[in-house]
Amino acid sequence: MRIVVMQAEAEVLEIERNLLAIDHAAQRAASDGAKILLTSELFTVGYAPYVLRDSLDISLLPGARERLSAIAAKHSIALVYSLPEITDHGWLITSTFVDDRGAKLAHYQKVQLFGTEEHEVFIAGSNPPASFEYEGITLGMVICFDVEFPEVVREASRRSVQLLLVPTAMGRGYEQVCTQLVPTRAMESQLFIAYANHSGTEAGFELAGTSVIAGADGTILAQAGAGSEILAADIDVSSLAKIRSEVPYLAEARTDLYAQWLMEK
């Protein structure tokens, strides 16, 4: 399965402009034979928590979701997008997977918030990593800082995820997350990871780019630079059985013992 990661600079609060950028990326990805287009965290509205809290017209969000589903159907490509979700308890950061007909197959709420702005604007979700089937592959979703916790990614593996889809908004100075940590997470939990970051500057926040697609053996299959870029890789899940048998991290993990250690503390 070919997957495409869209790395671009969003324009904060300019939903129409950002939707158009996703539309163009979906057209390009579909023409390249891709089955999935992964976009970055909150790309449709821009990554700027304080600005979103103070100025986002939340009545526009249902229409944005409809438009994103329509983009997927128009280009016959599955799409992962990220938007705020407004509940009675507060705002959450979410990602949604729609298939090549625009039908929603999975929805996930970010568990690990990062930094002062996110903690002041959003509340944390409590759901496990999303796990669902598409085109013969078990896909999963988490968001940004979630992937930096080995427990979260290992839980995705326990739920049979073969390809983990991660929208993110990571700032400059943290490029080692893309170049080192994400491939390590893929290797230790023996799954593929596609990690989509923003580029450029949004509301004064400088984004790092360097999006990555990592193999289940820790190999970097594709790595972006700092600017806008379309990143693609072919995912072959048939390789997982060999990888997991040669180094049995998953089969030999003593999860009951680890849980006992936590209780002892």
Side-chain angles (χ1 to χ4, degrees), residues 3 5 38 40-41 80 82 92-95 97 106 108-115 118-119 122-132 137-171 173-197 208 210-224 233 235 237 239-265:
I3 180 168
V5 167
L38 173 63
S40 56
E41 183 180 12
V80 180
S82 174
L92 297 107
I93 300 173
T94 71
S95 61
F97 183 99
Y108 173 81
Q109 298 170 337
K110 186 176 184 178
V111 170
Q112 300 286 349
L113 301 177
F114 180 81
E118 285 194 11
H119 281 281
F122 298 102
I123 60 174
S126 58
N127 46 200
S131 175
F132 56 101
I137 295 180
T138 305
L139 302 175
M141 290 191 300
V142 298
I143 300 173
C144 196
F145 198 35
D146 291 334
V147 82
E148 298 184 41
F149 291 79
E151 301 87 350
V152 174
V153 182
R154 182 55 61 88
E155 183 60 30
S157 274
R158 290 195 191 102
R159 292 171 182 267
S160 301
V161 169
Q162 297 169 308
L163 168 59
L164 188 62
L165 306 166
V166 189
T168 192
M170 190 189 68
Y174 294 94
E175 288 85 353
Q176 68 272 24
V177 171
C178 296
T179 60
Q180 299 179 40
L181 189 145
V182 170
T184 297
R185 287 287 168 272
M187 180 178 178
E188 70 190 5
S189 286
Q190 298 181 315
L191 42 63
F192 293 87
I193 299 179
Y195 182 89
N197 196 22
T210 59
S211 299
V212 65
I213 303 172
D217 59 355
T219 301
I220 294 178
L221 304 177
Q223 180 89 66
I235 304 300
V237 297
S239 65
L240 290 176
K242 182 173 184 290
I243 290 169
R244 292 173 178 179
S245 65
E246 288 181 347
V247 184
Y249 292 140
L250 304 179
E252 296 191 12
R254 300 183 64 186
T255 53
D256 291 345
L257 180 60
Y258 310 153
Q260 179 182 323
W261 292 344
L262 286 173
M263 294 295 291
E264 290 172 356
K265 293 188 68 177

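The first residue of the sequence shown is numbered 1, and numbering continues consecutively from there. Values reported hereafter were calculated over all heavy atoms of this structure, with side chains retained and with hydrogens, waters and symmetry mates removed.
- The two residues C178 and P183 come nearest to each other via the heavy atoms O-CD, 3.3 Å.
- Atom CZ of F122 sits about 9.5 Å away from atom OG1 of T94, to the nearest 0.5 Å.
- The environment of F132 atom CZ is dense: over 12 non-hydrogen atoms of other residues, nucleotides or ligands sit within 6.0 angstrom.
- Using a distance-only test at 3.5 Å, with no hydrogens or angles considered, a donor-acceptor pair links the side chain of R185 to the main chain of E148.
- With values rounded to the nearest 0.5 angstrom, L165 atom CG is found 5.5 Å from L38 atom CG.
- L92 contributes atom CG, which lies 10.5 Å from atom OH of Y108 (distance to the nearest 0.5 angstrom).
- Among the candidates L164, I213, T168, V212, the single residue satisfying the side-chain contact (heavy atoms from CB on, under 4.5 Å) test with V182 is V212.
- Of all heavy-atom pairs spanning G215 and A186, the tightest one is O-CB, 3.3 Å.
- Side-chain atoms of D146 and K110, non-hydrogen and from C-beta on, do get closer than 4.5 Å to each other.
- Interatomic distance, CD of Q109 versus CE of M141, reported as 10.5 Å (0.5 Å rounding).
- Side-chain contact between F192 and I3 is absent, with no heavy-atom pair separated by less than 4.5 Å.
- Shown here for C144 and A169, the closest heavy-atom pair between the two residues is SG-N, 3.6 Å.
- Evaluation of the salt bridge (charged side-chain N to carboxylate O under 4.0 Å, His left out) test over residues 151-171, restricted to residues two or more places apart or in two chains, returns E155-R158, E155-R159.
- Considering only heavy atoms from C-beta on, S40 stays 4.5 Å or farther from N197 through its side chain.
- Separating the OG atom in S160 from the CD1 atom in I137 is a distance of 13.5 Å, to the nearest 0.5 Å.
- Minimum interatomic distance between G173 and Q176 (heavy atoms only, all atoms of both residues): O-OE1, 3.4 Å.
- Between the CD atom in Q112 and the CZ atom in F149 there is a gap of 4.0 Å [rounded to 0.5 Å].
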(message) Between L191 and V153, is the side-chain contact (heavy atoms from CB on, under 4.5 Å) condition met? List the steps.
(response) CA-CA 9 Å; L191 42 63; V153 182; 4.0 Å; yes
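- Judged by distance alone, the side chain of E118 and the main-chain N or O of L113 form no donor-acceptor pair under 3.5 Å.
- Judged purely by atom type and a 3.5 angstrom limit, S157 uses its side chain to pair as donor or acceptor with the backbone of S189.
- What you find for A208 and E175 is that their closest heavy atoms are CB-OE2, 3.7 Å.
- Within the 4.5 Å cutoff, side-chain heavy atoms of Q190 are placed close to those of V247.
- At least one side-chain heavy atom of T210 sits less than 4.5 Å from a side-chain heavy atom of M170.
- Residues A196 and V5 approach most closely at CB-CG1, 3.5 Å, considering heavy atoms.
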(message) One pair to check against side-chain contact (heavy atoms from CB on, under 4.5 Å): V166 and I193. What are the steps and the verdict?
(response) CA-CA 7 Å; V166 189; I193 299 179; 3.9 Å; yes
